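Because only heavy atoms are used, hydrogens play no part in the values below, and waters and symmetry mates are left out as well, while side chains stay in. Proteins come first, then strands; the chains are lettered A, B, ... in the order of their sequence lines, and each starts at number 1. What you see is a predicted model; the values in this text were computed from it and never measured.
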Amino acid sequence: MDPLDRSTWTDFERAAAGVLDGLEPGDLVTYGEVAVEAGYPGAARAVGSLLRRGSGAGFPWWRVISASGKLLVDHEVEQACRLRAEGVVVSNGRVGPTRQPGR
DNA sequence: TATCTGACGATAG
DNA sequence: CCTATCGCCAGAT
């Protein structure tokens with residue numbers, strides 16, 4: 001199926017897309033949260049996979065982070081930039097004020 | 001239909 | 001706090 005064509009999306013993809021579409025600027029959610037909200041608890045990996053393939057489908061992937069609050073290691077710069085633009089504080093590739101490392 | 005992979009999550013060390 | 005292992009679901013080959 002084509003990630004850009006919703007007509008080919010499965011129930012899971014439509015549900016996940018609905019959750020992602022329901023997010024608003026500054027809102028952060030984990031893959032597990034999206035999976036639960038979509039009605040597919042435990043499908044965190046599937047959510048990540050969907051975002052990865054649908055990076056050009058208009059998914060607010062930057063608002064989705066890991067349960068540890070970590071950003072995408074391969075896109076942390078892009079994601080951090082977008083999050084900061086929405087008022088989200090990102091430090092050291094992590095959301096929120098940097099706490100531990102250092103010192 | 002079977003097997004492998006992957007923007008993950010949680011627990012153990 | 002970081003790394004390693006197991007379990008989870010969906011998609012691709």
Side-chain angles (χ1 to χ4, degrees):
Chain A
M1 87 332 184
D2 294 292
L4 305 177
D5 187 350
R6 289 195 166 194
S7 302
T8 62
W9 288 4
T10 60
D11 187 66
F12 164 72
E13 300 204 316
R14 284 181 287 194
V19 176
L20 296 170
D21 186 65
L23 297 175
E24 44 190 300
D27 189 1
L28 290 173
V29 293
T30 67
Y31 296 93
E33 286 292 294
V34 176
V36 174
E37 295 294 297
Y40 288 75
R45 298 188 68 161
V47 175
S49 185
L50 174 65
L51 286 165
R52 186 214 206 194
R53 298 163 14 119
S55 58
F59 293 112
W61 58 269
W62 58 89
R63 293 180 192 153
V64 186
I65 59 179
S66 62
S68 302
K70 301 275 289 186
L71 276 56
L72 302 192
V73 182
D74 292 325
H75 303 272
E76 65 175 86
V77 180
E78 188 73 42
Q79 189 167 17
C81 184
R82 290 174 181 276
L83 290 175
R84 286 177 48 130
E86 296 186 352
V88 179
V89 179
V90 182
S91 301
N92 219 319
R94 212 167 274 216
V95 295
T98 309
R99 321 195 151 180
Q100 178 299 175
R103 214 238 316 185

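Summarising the geometry, the separation between NZ on A/Lys70 and P on B/dA7 is reported as 16 Å, rounded to the nearest angstrom. Spacing between atom CG of A/Leu20 and atom P of B/dA7 amounts to 17 Å, rounded to whole angstrom units. In this structure, A/Glu37 atom CD and B/dG9 atom C1' are separated by 16 Å, rounded to whole Å. As a whole-Å value, the separation of A/Phe12 CZ from C/dC8 P is 17 Å. Rounded to an integer number of Å, the gap from CD of A/Glu78 to C1' of B/dA7 is 14 Å. Across the protein-nucleic acid pair, A/Tyr31 atom OH and B/dA10 atom P stand 14 Å apart, rounded to whole Å. Rounded to an integer number of Å, the gap from A/Trp9 CH2 to C/dA10 P is 17 Å. We find that CD of A/Glu33 is positioned 9 Å from P of B/dA10, with the value rounded to whole Å.
Between A/Phe12 and A/Val47 there is a side-chain heavy-atom pair separated by less than 4.5 Å.
Closest of all the heavy-atom pairs between A/Tyr31 and A/Ser66 is CE1-N, 3.7 Å. The two atoms that bring A/Glu76 and A/Leu71 nearest to each other are O-CD2, 3.9 Å, heavy atoms only. Minimum interatomic distance between A/Gln79 and A/Val64 (heavy atoms only, all atoms of both residues): NE2-O, 3.1 Å.
Checking B/dA7, B/dG9, C/dC9 against the side-chain heavy atoms of A/Leu51 singles out B/dA7 as nearest. Picking from B/dC8, C/dC2, C/dA10 the nucleotide with the shortest atom distance to the side chain of A/Ala44 gives B/dC8. Closest to the side chain of A/Leu72, from the set B/dG9, B/dA7, C/dG11, is B/dA7. Of the candidate nucleotides C/dG11, B/dA10, B/dA7, B/dA10 has the atom lying nearest to any side-chain atom of A/Ala67.
Remark: A/Ser49 is not in phosphate contact with C/dC9, judged by side-chain N or O atoms under 4.0 Å from OP1 or OP2. Under 4.0 angstrom from either OP1 or OP2 of B/dC8 there lies no side-chain N or O belonging to A/Arg45. Here A/Arg53 reaches the OP1 or OP2 of C/dA12: one of its side-chain N or O atoms lies under 4.0 Å away.
Checked for salt-bridge contact, A/Glu86 and A/Arg82 miss the test: no charged N lies under 4.0 Å from a carboxylate O.
Residue A/Ser55 is classed as a base contact, given a heavy-atom separation below 4.0 Å to a base.
Pairing of B/dT1, defined by two Watson-Crick or G-U wobble distances under 3.5 Å, is not identified with any nucleotide.
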